[in-house]
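Note that the coordinates shown come from a computational prediction; the quantities given were computed from them, not determined experimentally.
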Amino acid sequence: MTDTSSTRPAESEAPAPRPSRLRRLMRCIPLIAPVLLWAVPCWVLLYTGQHWPLPATVVGTVLFVLGLVGMPLAMARGHGRRQQDRAAIVGDTLLGTSWVLFIWSVLLGVLLRLALTVAGVGEGQDRARIVTWAVLGTTAVLLGWGYAEARRVPRVRRLDVRLPRLGAGLDGLRVVLVTDTHYGPLDRARWSARACEKVNTLEADLVCHTGDIADGTAERRRAQAAPLGTVRATHARVYVTGNHEYYSEAQGWVDLMDELGWEPLRNRHLLLERGGDALVVAGVDDVTAESSGLAGHRAPLAGALDGADPDLPVLLLAHQPKFVDRAAAAGTDLQLSGPTPGGQIWPFHPRVRLGQPALAGLSRHGTRALLYTSRGTGFWGPPFRVFAPSEITLLVLRSPHAQAEGSGVDG
């Protein structure tokens, strides 16, 4: 790999605009959401015709009230100034549990009850109790399965990507994408080591990490991130920052990745050369860097490509998929991203699509640019993945001179 560019100093920071009415309204959501997440299931499961014995109703109501009060308190202690990991684990787990319980209380509370009524099954009380047990059973199964999915070493998703400008000498180049590891309050040092071992079985030419390494500072999460130093690649290991680094002293993460042998592509590029052909591997800081106030942290794509031969194909690392508009305008061939976690807990997927052009997988943007959006290697916050499995991605780059092969999923 040949370094052909350098990081430029940051520009002056623009004054922050006054918050709009919509933004002020959005600030109220953290106050309203916990009430809905706990009150709706409480009502559906206990007070819609079940006529449970009084002790059962009282105990159930107390549990919901404890969840309503305990979740925000635990999250405040876990993710606020105190940064207490145990509190964060409790708060995140309650958040994931309440979300799944809320969704299935609404879905089954309406659809199943309607189906039972149309089918003439039981009386009102019987139907109400069937709905309650169905909601509780579905929630328990999904949370158990979702926890196992979140904690398992990710499956390898393999696909061939045809780049029309890729030279024949680079055909078959193996690029591994690891992203959104989100090392956090729940210690995953052993998981990290096993994931890195799986990466090493893929015999990668280039390994990329597109940010959101952790939730917490590099000093605090060093033990979980340390196995990244064991990752092997025949040409290079490259890294760009994600938005979560800018919540946790981003420069510390840049320094640690450099210490572990990864090349931080901070608004610059390298040349990967093989068989007489070359590929520009460029990277930019996350777009949130521009408002972080950190010296030198921003996302100027023009600076990242400065000095690059415009006739060479470009592989760009940018944390957020929405950066692809800039990438396509600049003529890049493939962008690798991954902050969506594939929605992580269904049906959170539509919310992700409101802010990003893709949820997961390979998509085309403009006449030439391709975007690959990973579902993420780890998980963020709640330790559950429901209908959104994690992944380590192996992209095999193909030139137009070679026959494209199919894509699939390896174990």
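- Under the rule for a side chain to side chain donor-acceptor pair (under 3.5 Å), Thr230 has no partner lying at least two apart in sequence or in another chain.
- Smallest separation of non-hydrogen atoms from Trp253 and Gly216: NE1-O, 2.9 Å.
- The backbone N or O of Arg188 lies less than 3.5 Å from no partner atom in the side chain of Ser192, so there is not a single donor-acceptor pair.
- Residues Asp215 and His79 have side chains that never bring a donor and an acceptor to within less than 3.5 angstrom of each other.
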Does Thr288 form a side chain to side chain donor-acceptor pair (under 3.5 Å) with Glu290? I'd like the steps, not just the answer. CA-CA 5 Å; Thr288 57; Glu290 298 173 349; over 6 Å; no

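- Here the closest heavy-atom approach between residue Ile345 and residue Pro382 is recorded as CD1-CB, 4.0 Å.
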May I have the step-by-step check of side chain to side chain contact (heavy atoms under 4.5 Å, CB included) for Leu166 and Arg398, ending in yes or no? CA-CA 7 Å; Leu166 190 71; Arg398 296 293 180 185; 5.7 Å; no

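- To the nearest 0.5 Å, atoms CG (Leu228) and CE (Met257) are separated by 5.0 Å.
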What do the steps show when you test Arg151 against Leu186 for side chain to side chain contact (heavy atoms under 4.5 Å, CB included), and what is the final call? CA-CA 10 Å; Arg151 296 284 285 172; Leu186 193 62; 3.5 Å; yes

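- A 4.5 Å side-chain heavy-atom check between Leu316 and Leu301 finds at least one atom pair inside the cut-off.
- With sequence neighbours excluded, the residues forming a side chain to side chain contact (heavy atoms under 4.5 Å, CB included) with Asp85 are Pro185, Arg220, Arg221, listed by chain and number.
- The shortest side-chain heavy-atom distance between Pro34 and Leu68 falls under the 4.5 Å cut-off.
- Arg385 places a side-chain N or O within 3.5 Å of a backbone atom of Gly378 that can act as its donor or acceptor partner.
- A donor-acceptor pair is defined here as one N or O able to donate and one able to accept, closer than 3.5 Å; no such pair exists between the side chain of Thr217 and the backbone of Ser248.
- Residues satisfying the side chain to side chain donor-acceptor pair (under 3.5 Å) test with Ser374, not counting sequence neighbours, are none.
- Contact annotation: the side chain of Pro383 approaches that of Thr93 to within less than 4.5 Å [non-hydrogen atoms, C-beta and beyond].
- Among pairs with a residue in residues 74-83, none fulfils salt bridge (Lys or Arg N to Asp or Glu O under 4.0 Å), at least two apart in sequence or across chains.
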Please step through side chain to side chain contact (heavy atoms under 4.5 Å, CB included) for the pair Val135 and Leu112, ending with a clear verdict. CA-CA 10 Å; Val135 170; Leu112 180 57; over 6 Å; no

Apply side chain to side chain contact (heavy atoms under 4.5 Å, CB included) to Leu206 and Leu315, showing your working. CA-CA 11 Å; Leu206 176 70; Leu315 170 65; 3.6 Å; yes

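- In this structure, Arg375 contributes its side chain and Pro389 its backbone to a donor-acceptor pair below 3.5 Å.
- A side-chain N or O of Glu391 and one of Thr393 form a donor-acceptor pair less than 3.5 Å apart.
- The structure places CD of Gln320 at 11.0 Å from OG1 of Thr373, a figure rounded to the nearest 0.5 Å.
- Legend: salt bridge (Lys or Arg N to Asp or Glu O under 4.0 Å) pairs involving residues 333-348, not counting sequence neighbours, sorted by first then second residue: Arg165-Asp333, Asp333-Arg368.
- Using modelled atom types, one side-chain atom of Ser292 and one backbone atom of Ala289 make a donor-acceptor pair closer than 3.5 Å.
- Between Leu142 and Phe387 there is a side-chain heavy-atom pair separated by less than 4.5 Å.
- Thr57 is linked by a side chain to side chain contact (heavy atoms under 4.5 Å, CB included) to Tyr47, Trp52, Thr61, counting only residues two or more places apart in sequence or in another chain.
- No salt bridge links Asp285 with Arg298; every basic N to acidic carboxylate O contact stays at or beyond 4.0 Å.
- Every residue meeting the side chain to side chain donor-acceptor pair (under 3.5 Å) condition with Gln335, not counting sequence neighbours, appears here in chain and number order: Ser337.
- No side-chain donor-acceptor contact under 3.5 Å links Arg326 to the backbone of Lys322.
- Trp380 places no side-chain N or O within 3.5 Å of a backbone atom of Asp212 that could act as its donor or acceptor partner.
- Looking at Leu260 and Tyr239, their side chains never come closer than 4.5 Å, going by heavy atoms from C-beta outward.
- Between the side chain of Thr201 and the main chain of Lys198, a donor-acceptor pair closer than 3.5 Å is present.
- In plain terms, the two heavy atoms of Leu46 and Gly60 that are nearest each other are CD1-C, 3.6 Å.
- Nearest heavy atoms, Gln356 versus Thr340: CG-CG2, 4.3 Å.
- Side-chain contact between Phe64 and Ser98 is absent, with no heavy atoms from C-beta onward closer than 4.5 Å.
- Judged as a ring pair (Phe, Tyr, Trp, His ring centres under 6.0 Å), and not counting sequence neighbours, the contacts of Trp104 are Trp346.
- The distance from the CD1 atom of Ile213 to the OG1 atom of Thr377 is 11.5 Å, given to the nearest 0.5 Å.
- Here Asp205 pairs with Leu173, Arg174, Thr234, His235, Arg274 under the side chain to side chain contact (heavy atoms under 4.5 Å, CB included) rule; sequence neighbours left out.
- More than 12 non-hydrogen atoms from other residues, nucleotides or ligands lie less than 6.0 angstrom from CH2 of Trp145.
- At least one donor-acceptor pair under 3.5 Å links the side chain of Gln224 to the backbone N or O of Gly184.
- For Tyr246, the ring pair (Phe, Tyr, Trp, His ring centres under 6.0 Å) test picks out His297, with sequence neighbours left out.
- Taking 4.5 Å as the limit, some side-chain heavy atom of Leu271 sits within range of a side-chain heavy atom of Val280.
- The line from CG of Leu37 to CG of Leu101 is 9.5 Å long, rounded to the nearest 0.5 Å.
- Residues satisfying the side chain to side chain donor-acceptor pair (under 3.5 Å) test with Asp255, not counting sequence neighbours, are Gln251.
- Remark: the backbone N or O of Ala327 is paired with a side-chain donor or acceptor of Thr332 at under 3.5 angstrom.
- For the pairing with Leu265, the side-chain contact (heavy atoms from CB on, under 4.5 Å) check across Thr241, Leu270, Thr210 returns one residue only, Leu270.
- Under 3.5 Å, the side chains of Thr132 and Gln50 contain a donor-acceptor pair of N or O atoms.
- The environment of CD in Gln83 is crowded: more than 12 heavy-atom neighbours from other residues, nucleotides or ligands sit within 6.0 Å.
- Contact between Ala330 and Leu305 at its shortest, heavy atoms only, is CB-CD1, 4.2 Å.
- Screening residues 222-243 for salt bridge (Lys or Arg N to Asp or Glu O under 4.0 Å) gives Arg222-Glu259 as the qualifying pairs, with residues at least two apart or on separate chains.
- Taking all atoms of both residues into account, the shortest heavy-atom contact from Ala233 to Val207 is CB-CG2, 3.8 Å.
- Contact check for Val231 versus Val176: no side-chain heavy atoms found under the 4.5 Å cut-off.
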